[in-house]
Structure formats: C-alpha cells, structure tokens
Amino acid sequence: MPYDHRSVEPKWQARWRAARLHQTTFDPARPKFYALDMFPYPSGAGLHVGHCEGYTATDIITRWKRMQGCNVLHPMGWDAFGLPAENYAIKTGIHPRVTTEKAIANFRRQIDSIGFAYDWDREVNTTDPQYIKWTQWIFLQLYNKGLAYEGTVPINWCPSCKTGLANEEVTQGCCERCGSGVERKDMRQWLLRITRYADRLLEDLAELDWPESTLAMQRNWIGRSDGAEAIFKVVEPSRVGEGGLRPPEPERGREWEPSQGSHIVDEIKVFTTRPDTLYGATYMVLSPEHPLVDSLTTPAQQAAVRAYQVAARRKSDLERTDLAKEKTGAFTGAFAINPVNHEKIPVWIADYVLSSYGTGAIMAVPAHDQRDYEFASKFNLPIRPVVRPADGHTPAPDQAFVDDGIAVNSGDLDGLSTPQAKAKVTGQLEARGLGRAMVSFRLRDWVFSRQRYWGEPIPIVHCPTHGTVPVPESALPVTLPEVERYQPTGTGESPLAGIESWVKTTCPTCGGPARRETNTMPQWAGSCWYYLRYLDPKAAHEPWSKQVEQQWQPVDLYVGGAEHAVLHLLYSRFWHKVLYDLGYVSTKEPFKKLRHQGTVLAYSYQDALGRYHEMSEIELRGDDAILKATGEKLKVAVDKMAKTKLNGVNPDDVVAEYGADVLRLYEMFMGEFELPKPWDARAIEGCARFVKRVWRLVEEFDEKKAPAGDPLLRLRHKTIKRVTGDLDRMAFNTAVAAMMEYLNELTSSGATREDLLTLIKLLGPFAPHLGDEAWEKLGQPGFLLQVPWPSFDEALTRDAVVTLGVQVNGKLRGDVQVARDAPEAEVREKAMAVPNVAKHLAGKTVRKVIVVAGKIVNIVVS
RNA sequence: GCCGGAGUGGCGGAAUGGCAAACGCAGCGGACUCAAAAUCCGCCGUCCUAACAGGCUUAAGGGUUCGACUCCCUUCUCCGGCACCA
C-alpha cells in the first residue's frame with residue numbers, strides 16, 4: 001500500500017494525545033533540556049511557513065533529546081495582546097478577546113496538524129487574567145525598586161495608531177507598524193529604568209551563545225561610550241558671582257525643570273569621548289531643549305533663540321535626523337570658559353545636539369568632529385587643529401580629522417598620543433573639580449505606556465493625597481472593563497479613560513476617592529517573562545515556584561526571528577536581571593543559547609504590466625514561468641512572502657497535499673537553518689519522494705531476502721555519527737542529506753533489519769508520523785520517542801580500506817587504495833606507482849612526499 | 001558612514017587547511033507503458049578532445065602553505081541592523 005499521510009498522520013497524532021506522550025516529566029537523575037520557541041501573536045492570517053521553520057527545528061531537537069534520555073520542556077503559548085485585534089475591534093465592534101480566541105484555536109489546529117510535540121498542559125496566554133495578574137505583579141516589583149516611574153517626556157507619537165511608541169518601535173523616523181511619520185509629543189508616561197542595568201546588560205552578553213549579529217545589535221543599542229565630563233563656567237550674561245543654587249541635575253527621560261531665573265545658571269556640563277581635544281573646543285552647543293537655554297540667553301538674542309526653539313520643536317524626528325540636511329542653530333549671546341585654556345567661547349543652540357544623550361550639551365571641536373566642522377563652517381566659527389596624524393601625513397582639507405593621533409597646540413598635552421592625552425587631561429580636570437571620567441549610554445529608559453485598550457492595565461491608582469499608589473498584590477489582577485467603543489481618544493488617553501465606573505476607585509492607602517491609571521502596558525510586557533510562567537503555569541499564589549525554576553532554568557535553546565534582536569530580547573533580559581536581584585530567579589541570563597531561523601522567501605511572478613500572479617496560474621517549464629491563461633513568460637524574482645506579491649505559502653495547503661512530515665523535512669532541507677532561503681514548490685517533491693521511498697523499503701522488507709551478514713555496518717555507523725553530529729550543530733539540511741544517502745545505498749544494496757530500524761530511529765525526530773508508522777510496521781513496540789537514540793562505534797565509522805587522492809605539486813593525478821593503517825612507506829610507494837602519477841614524475845626530482853593518513857598524498861617535484 | 005552576515009554549477013546548497021560541486025531540484029538519454037503519470041537506470045561545472053590525457057573554475061586581486069572555498073591583506077557586490085549618540 002502506498003503511504004497515505006492523510007490517514008497515517010491524524011492516526012498518530014490521536015495516539016500521541018491519548019498516551020499523553022508530550023507531557024513534561026522531570027526525573028532528577030536525568031539531564032534537563034528546555035527548548036523554547038518565540039511564542040506567536042495569534043493573527044487572523046494563521047501560521048506561516050516561517051513559524052514552521054523555527055518550530056520544526058526545536059521539535060526535532062527536543063524529540064532527539066528525549067530519545068537521548070533528557071527531561072525535556074517544550075511549551076507553547078500566545079502573545080495575545082496586540083494592535084491588530086484592537087484595530088479590528090475598532091472597525092467591527094467585535095471584542096479583541098473574541099477575535100483572539102478564534103485565532104488561537106486556528107493556530108492550535110495548525111500546530112497540531114504538523115505534529116509538534118508541545119506540552120499543551122503548559123499553554124500560556126498573556127491575556128489570561130491569571131497571567132495578567134503576575135505581569136502586573138512584576139511591574140509592581142519594578143515600581144517598588146524604583147525602576148518604574150512617571151515622567152512627562154517628548155515621546156514618539158504615531159498619528160495613525162494614535163499611540164505613543166517606544167524608541168525601539170520607531171524605524172527611520174517612522175512607525176514600525178504602520179509606516180506613518182512619527183511626531184514628537186509631550187505626554188505623561190510610565191517609564192522603566194532599563195538604563196540602570198545598561199552595564200550589566202552589556203557585560204553579560206559575553207556569557208551567551210548567541211548569533212554574533214544579535215550580540216552586536218545589542219551592544220550597539222546599549223551603546224556604551226567611555227569619555228569624560230567637562231564643566232564649562234558661564235561668564236555671560238552678567239550673572240557670574242551671584243552664587244546660589246546649581247542647575248538641576250540633567251536626568252535622561254525626565255522633563256527638564258524650567259529654569260525661571262529663580263536660581264543662578266553658572267556652568268554647563270558636557271560629555272565628550274575626546275577630552276584630548278579640549279584645547280580645540282572653539283564654541284559650545286546646547287540642545288534647543290536644554291534647561292539652561294532660557295537663563296543663558298541675552299536679551300538681544302532672545303527672539304532668535306525662541307524662534308529656533310519653536311522651529312526645532314515642530315520638526316518631526318524624521319526631519320531632525322535627516323543627515324543630509326544643513327546644520328542650523330542660533331547664538332545665545334552667552335560665553336563660557338574653556339576649563340583648560342580659559343578661553344572665552346560662544347554658546348550656541350542647535351538641533352544636531354540631542355537633549356536625550358549625554359548631558360544635552362557639547363563642546364564643539366570642529367577640527368576633529370565632522371558635525372562640528374560643518375556647523376563651524378556654516379557659521380564662520382574658528383577651527384583649530386589640536387591633533388595631528390601619527391604617521392605625519394597631512395589630513396584631508398575640508399573635513400574634520402577624527403582619528404587618533406598626536407596632540408598639538410594643546411599646552412602640556414603636546415606630543416602625547418590620543419589615549420595618553422585623554423588620560424592626562426581627564427586627571428587634570430578631576431583634580432581641579434572641573435570634570436571627571438564618565439561613561440555614557442545610548443540606551444534610553446523604556447517608555448512603558450500605551451494609550452490603548454487591549455493591554456495589561458498598569459496597576460497604579462492616583463490619589464489626590466498620596467499620589468501614585470500601587471494596587472496591593474491581593475487586589476491583582478486589575479482587569480480590563482468591557483467597553484462599547486475601542487477608539488483611541490487621540491488625546492493621548494486610552495479608551496479606558498472614558499469609562500468612569502472603572503476609573504473611579506478608592507485609594508489603597510487612605511480609602512479616599514482616587515482614579516485608576518488608564519495607560520496600558522506595551523505588548524512586550526507579557527513576552528518579558530512567559531518563559532518563566534511555562535515552568536509553573538498553574539501556580540496560583542506565586543508566579544512560579546522556586547523549585548521548578550531551579551529545575552529548568554535557563555532556557556537551553558531559544559529559537560525565533562532575528563527581528564526581535566533588540567526589542568523583546570533586551571527587555572526580557574532586563575526583567576530577568578531585576579528578578580535575579582530580587583531572588584526570584586537563580587540565573588543571571590534567561591536564554592543560554594539563541595538561534596534565529598532564516599527568513600523563508602518565495603518566488604514571485606510578475607507579468608509585463610507589473611501584476612503579480614499566484615502559483616496556481618503558472619506553469620513552470622525549466623527555468624521559465626509561463627502564465628497558463630495567455631502563455632506569457634513571467635518575470636521571476638525571489639522576495640519576502642507578502643500578500644501583495646501573491647507569493648505566500650500556506651502550511652495548511654502543504655500539509656494537505658504532501659503531509660506534515662514532508663513539510664517538516666523540506667523546511668529543514670531547504671538550506672542552512674539561519675540563512676534566508678527561497679521556498680521552491682518543485683524542490684519539495686524531492687522530500688516527498690524520500691518519504692515514499694522510505695515507506696516502500698519498510699513495507700517491502702522481507703527478512704528472508706535481506707542480505708546475509710551486515711554489509712552496510714560501516715555506513716550505518718557513519719550515518720548515525722553524521723546525523724548525531726549535525727543535530728548537535730543544528731545542521732538539519734546535511735542531516736537529511738545523510739539519511740537520503742543512506743536510503744539510496746539501502747535501496748540499491750539491500751537493507752538488513754538493523755539498517756531499517758536505525759534509519760527509522762534517525763528519521764523519527766524529523767518525520768515523526770512516518771517514524772511511528774514504520775516502527776509499528778517493523779513490529780516494534782511503543783513510540784519512537786521512547787526508544788533510545790542509536791549510538792555509533794567510532795572505530796566502525798572508519799573504513800578499513802581507503803582511497804587516497806594522489807597529487808603531484810598540488811594537482812590531482814590519480815588515486816590509490818590502501819589499508820587505512822598502511823605504513824607511510826607503503827602508501828608512498830603505491831602512490832608513485834600509479835601510472836598517471838608516474839607519468840608526471842618522469843624526468844623530475846622528487847623533493848618531498850607528504851602523506852596525510854586517510855586523506856591524501858602530495859608529491860612535490862621539480 | 002558604522003556594525004554584522006553572505007558571495008561556490010541552470011537552481012537550493014555540500015565540503016575539522018587535504019580528491020570542489022555531497023544531497024536535492026531542474027534538464028538530457030534510456031527502461032516500463034498502447035500512451036501518459038508514477039517508478040527505475042544512466043548522464044549532468046566549463047573549455048579542448050573521437051577518446052585517453054589535459055587546461056580552467058568557489059565575486060576580483062594579492063599573500064601564507066607541499067596543499068586554500070576554508071587562514072591573512074586589499075577591493076567589489078548583495079542582504080540585515082544602526083545612523084547628527086558628541
């Protein structure tokens with residue numbers, strides 16, 4: 001009987017379910033393996049072949065680990081808060097919960113149809129009140145530690161989504177979700193002090209087995225810069241010597257306190273990574289929002305400065321960060337004293353200085369900073385070189401010399417190399433109380449508010465007497481009220497603000513009337529800790545128990561898309577470290593090993609008018625794609641899968657046509673796991689043939705006709721070794737190739753029972769339905785998952801007789817068969833006797849013969 | 001501009017510094033068939049050749065080495081990320 005996936009696959013899925021085969025168990029005597037997939041947002045579109053790639057990889061690894069005797073944890077859940085469901089609710093009035101539940105049911109069905117071995121007893125859903133409760137609980141831990149605070153900051157405002165965005169959600173000045181230009185808008189926000197963990201988030205990357213690109217992205221995002229703070233005293237306008245209060249400490253992420261002249265402005269702090277160029281500072285620049293601007297500005301310059309501030313404020317982020325644009329700025333009328341040479345230099349404001357980085361003010365060294373150079377050129381400010389190239393070459397004119405070199409025109413720094421000069425001048429500043437070594441981070445505090453309905457309410461109450469008061473743990477979760485309209489108000493307040501009955505509450509401290517916080521958490525909140533809830537998904541009185549945490553943490557293998565390299569993966573590391581400090585988790589890092597699946601691309605077909613056509617309308621002939629209806633030859637391209645390109649591949653269709661095992665095999669066989677690769681509707685046929693041929697070999701197996709002895713013993717051991725090693729390296733494509741080669745040989749030379757059993761065991765993790773069906777057919781008891789992974793004998797993976805290539809001067813001229821352990825002299829002799837080799841040796845003197853055992857012989861002649 | 005990754009047949013891709021192109025797709029030839037599909041067998045980088053034997057070939061150019069797809073330097077192209085971060 002030919003193999004029929006339509007009956008075989010559901011049969012085994014039902015048997016696995018009935019046997020509770022995928023339920024997690026824990027035996028302290030065995031090693032543990034925690035494999036985690038990035039849980040999906042259950043969208044209406046359903047599962048994507050991209051999801052399947054990552055899920056198949058972890059599924060194969062966990063099945064393999066179970067066969068190797070590990071305790072395996074392999075859970076799945078739903079990142080179910082999110083804008084699409086809410087946007088749909090705005091359009092249709094259907095509650096996001098309803099849409100989400102439907103989408104989850106569909107995802108579940110799809111996932112089960114592919115035969116993934118998830119332990120559904122541990123399913124988590126971020127929108128479940130019991131889950132929300134602990135998300136809010138963690139927020140309160142952050143709040144109590146002073147890591148969550150309110151601030152009014154200019155945030156990224158998406159006019160289309162009508163909500164504030166985190167920095168991480170803004171790409172190229174546009175909303176990552178909808179592409180609209182992002183505006184700046186002042187809003188009261190909740191922020192999380194991730195900056196306090198910047199150093200640890202950076203340092204601990206060193207202990208992770210993560211892709212280099214992701215580590216680099218995190219390092220860049222955190223952006224540690226070592227440098228110095230320098231203090232410039234302000235001498236204009238005539239306020240010097242009045243004494244009094246210092247200006248407020250600039251604190252990133254906070255609203256600048258307006259300086260109404262109630263205190264004396266007396267110094268400007270700057271951050272620089274090049275303190276060695278201090279002698280070259282010829283002017284200063286404050287960001288337009290800097291708190292000292294008002295008090296510094298002289299009456300004569302006031303109008304110009306105000307006008308510039310207003311203009312800067314009106315600019316979108318996109319305009320402000322446009323690199324190509326000309327530098328702009330305004331002079332404040334004030335002057336400051338350069339702390340090293342006491343020179344009086346002008347103070348400007350300009351929007352190329354960001355209020356949110358460093359101290360929001362810079363010393364400008366136009367000779368050695370390209371931005372300062374452009375600004376100085378435009379406004380005719382002096383440019384003074386204070387570093388010369390160490391190799392004596394003349395730096396290019398018309399631009400700044402930004403490399404390290406030797407200090408010149410710099411007083412007692414002259415002649416020092418850049419690192420030496422940095423150290424010396426920093427020490428001098430420190431001694432005089434005019435500066436110190438300082439570290440700055442690019443990372444900003446995390447804007448943790450969304451003005452939306454479909455998210456976790458922030459568990460805070462605002463009391464007129466007691467200010468912000470956390471909701472007591474006993475009153476958690478704060479759940480979402482039912483609403484009639486889901487529209488964002490567009491004023492910056494969430495739809496929750498309009499539900500008076502929900503907003504009105506009492507103060508937990510004094511019992512007086514109070515109002516609930518109406519901001520909700522961003523979608524990232526739930527995904528910050530879901531990997532911990534899987535450990536103990538039903539715990540009612542704690543988020544997870546200490547015991548299970550110690551059993552399973554950390555995650556041994558985390559697989560998901562590279563698009564989360566700096567979002568989710570940085571946020572959850574931050575939360576994890578806070579939980580570590582509080583003693584709730586025992587590891588510094590949550591995810592030991594991380595891998596990203598490569599994007600699955602697809603061929604798209606475009607006609608002469610630029611219209612895209614679906615696969616079903618097309619006939620493939622060799623390299624050409626022909627539109628069936630008209631016979632037109634179409635333009636073929638490889639693109640990301642997109643609705644507009646009609647090139648999406650739906651796993652349901654693939655399962656229906658070829659079956660889950662073929663889908664799984666092809667996903668793995670397509671190419672290297674971590675690289676992008678195109679889905680080829682023809683190439684999948686190769687995997688379908690492989691499955692059929694395996695089945696035929698098993699079905700037609702006849703013990704009586706099997707070859708005598710064990711002719712493929714060595715190949716069998718080699719194959720076990722290859723597949724095992726490939727799984728260890730997550731080289732799934734070559735593992736499949738090894739099994740194909742083995743099958744080819746079994747088909748042509750004949751298989752023993754042991755050969756077949758081994759092939760099926762190796763194949764089981766990849767094609768579990770075929771695996772169990774064949775296992776049963778061969779009369780074996782139980783499920784493959786309960787069978788030990790085959791082992792190999794290293795000695796049997798090596799051939800007794802090997803074929804060596806024979807080179808003459810590095811060029812292959814023949815080969816020779818020798819015993820693997822033949823003495824070198826014999827190999828040498830036989831190699832030189834090969835006729836074609838001898839021909840190339842004729843008349844030459846042999847200088848050297850290199851024999852690499854089991855590999856090659858190279859004869860060097862001249 | 002900076003950071004990261006990648007460049008190998010018609011295509012997807014293999015190769016701890018040791019016989020480049022495994023495995024698969026497509027293509028070509030053959031078997032089976034009334035025929036087609038399915039299946040099976042053979043060929044399949046490129047140039048020269050009747051064939052044997054050769055020459056060339058892993059983006060380009062140099063280097064190290066007996067030997068380089070692999071290591072080092074320079075350059076080019078593509079993909080991803082960041083981008084006035086002082």
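Sequence lines set the chain letters: A, B, ... in the order given, protein chains first and strands last, and positions in each chain run from 1.
Of the residues in residues 834-847 of chain A, those with a non-hydrogen atom less than 4.0 angstrom from any atom of RNA chain B are A:N836, A:K839, A:H840.
Comparing A:K677 and A:R224 by the nucleotide of RNA chain B that holds the closest heavy atom to each, the one mapping nearer the 5' end is A:K677.
Partners of A:D391 under the side-chain hydrogen bond (donor to acceptor under 3.5 Å, both in side chains) rule, at least two apart in sequence or in another chain, are A:H393. Residues satisfying the salt bridge (Lys or Arg N to Asp or Glu O under 4.0 Å) criterion with A:K378, sequence neighbours excluded, are A:E326. Listed by chain and number, the residues in a side-chain contact (heavy atoms from CB on, under 4.5 Å) with A:A400 are A:Q370, A:Y373, A:V402 (sequence neighbours excluded). Looking at residues two or more places apart in sequence or on another chain, you find a side-chain hydrogen bond (donor to acceptor under 3.5 Å, both in side chains) between A:Q817 and A:T803. The salt bridge (Lys or Arg N to Asp or Glu O under 4.0 Å) test applied to A:D726 returns A:R729, not counting sequence neighbours. The side-chain contact (heavy atoms from CB on, under 4.5 Å) test applied to A:D799 returns A:R714, A:K718, A:V802, not counting sequence neighbours. Judged as a salt bridge (Lys or Arg N to Asp or Glu O under 4.0 Å), and not counting sequence neighbours, the contacts of A:R219 are A:E212. Residues passing the salt bridge (Lys or Arg N to Asp or Glu O under 4.0 Å) test with A:E674 are A:R595, sequence neighbours excluded.
For A:Y283 and A:F375, the ring centers sit closer than 6.0 Å to each other.
Atom CG in A:L354 sits roughly 14 Å away from atom C1' in B:rC82 (whole-Å rounding). To the nearest angstrom, C1' of B:rC40 lies 14 Å from CG of A:L743. Between the CG atom of A:N809 and the P atom of B:rA68 there is a distance of 11 Å, given to the nearest Å. Between A:L601 atom CG and B:rG5 atom P the separation is 20 Å, expressed in whole Å. Here the P atom of nucleotide B:rU8 and the CG atom of A:L675 are 12 Å apart, to the nearest Å.
Distance from the side chain of A:R682 is smallest for B:rA26 among the nucleotides B:rC3, B:rA6, B:rA26. Between B:rC11, B:rG5, B:rA86, one nucleotide has an atom nearer to the side chain of A:V353 than all others, and that is B:rA86. Of the listed nucleotides (B:rA83, B:rG4, B:rA86), B:rG4 has the atom at the smallest distance from the side chain of A:E212. Counting only heavy atoms from C-beta on, A:A683 has its side chain closest to B:rC25 among B:rA86, B:rG81, B:rC25.
For the pair A:K692 and A:Y3, the cation-pi criterion (under 6.0 Å, within 45° of the ring axis) is not fulfilled.
Taking a pair as Watson-Crick or G-U wobble with both distances under 3.5 Å, the runs of three or more consecutive pairs in RNA chain B are B:1-7 with B:76-82, B:10-12 with B:23-25, B:27-31 with B:39-43, B:45-47 with B:54-56, B:59-63 with B:71-75.
Taking the C1' atoms as reference points, B:rA15 lies 13 Å from B:rA68, given to the whole Å. For B:rU58 and B:rC11, the P atoms lie 16 Å apart once the distance is rounded to whole Å. Comparing the C1' positions of B:rU46 and B:rU64 gives an interatomic distance of 29 Å, to the nearest angstrom. Using atom P as the reference point in both B:rA60 and B:rG7, the two lie 13 Å apart (nearest Å). B:rG12 sits 35 Å from B:rA83 when the C1' atoms are compared, rounded to a whole Å. Only the P atoms considered, B:rG24 is 13 Å distant from B:rC43, to the nearest whole Å. Taking atom P in both B:rA59 and B:rA6, one finds a spacing of 13 Å when rounded to whole Å. Rounded to a whole angstrom, the distance from the C1' atom of B:rA86 to that of B:rC71 is 38 Å.
Within the structure, salt bridge (charged side-chain N to carboxylate O under 4.0 Å, His left out) pairs that include any residue of residues 835-862 of chain A do not occur (at least two apart or interchain).
In this structure, A:R219 reaches neither bases nor backbone, as no heavy-atom distance under 4.0 Å exists between it and the strands shown. A:Y373 comes within 4.0 angstrom of nothing in the nucleic acid, heavy atoms only. At a threshold of 4.0 angstrom between heavy atoms, the contacts of A:P211 with the nucleic acid are absent.
Looking at A:T734 and A:R722, their side chains never bring a donor and an acceptor atom within 3.5 Å of each other. With 3.5 Å as the limit, one finds no donor-acceptor pair spanning the side chains of A:N338 and A:Y279.
Look at A:R689 and you'll find a side-chain N or O under 4.0 angstrom from OP1 or OP2 of B:rU39.
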Summary of protein contacts for nucleotides 15-23 of chain B, nucleotide by nucleotide, where a base hit scores B, a sugar-phosphate-only hit scores S (4.0 Å, heavy atoms):
SB-BB--BB

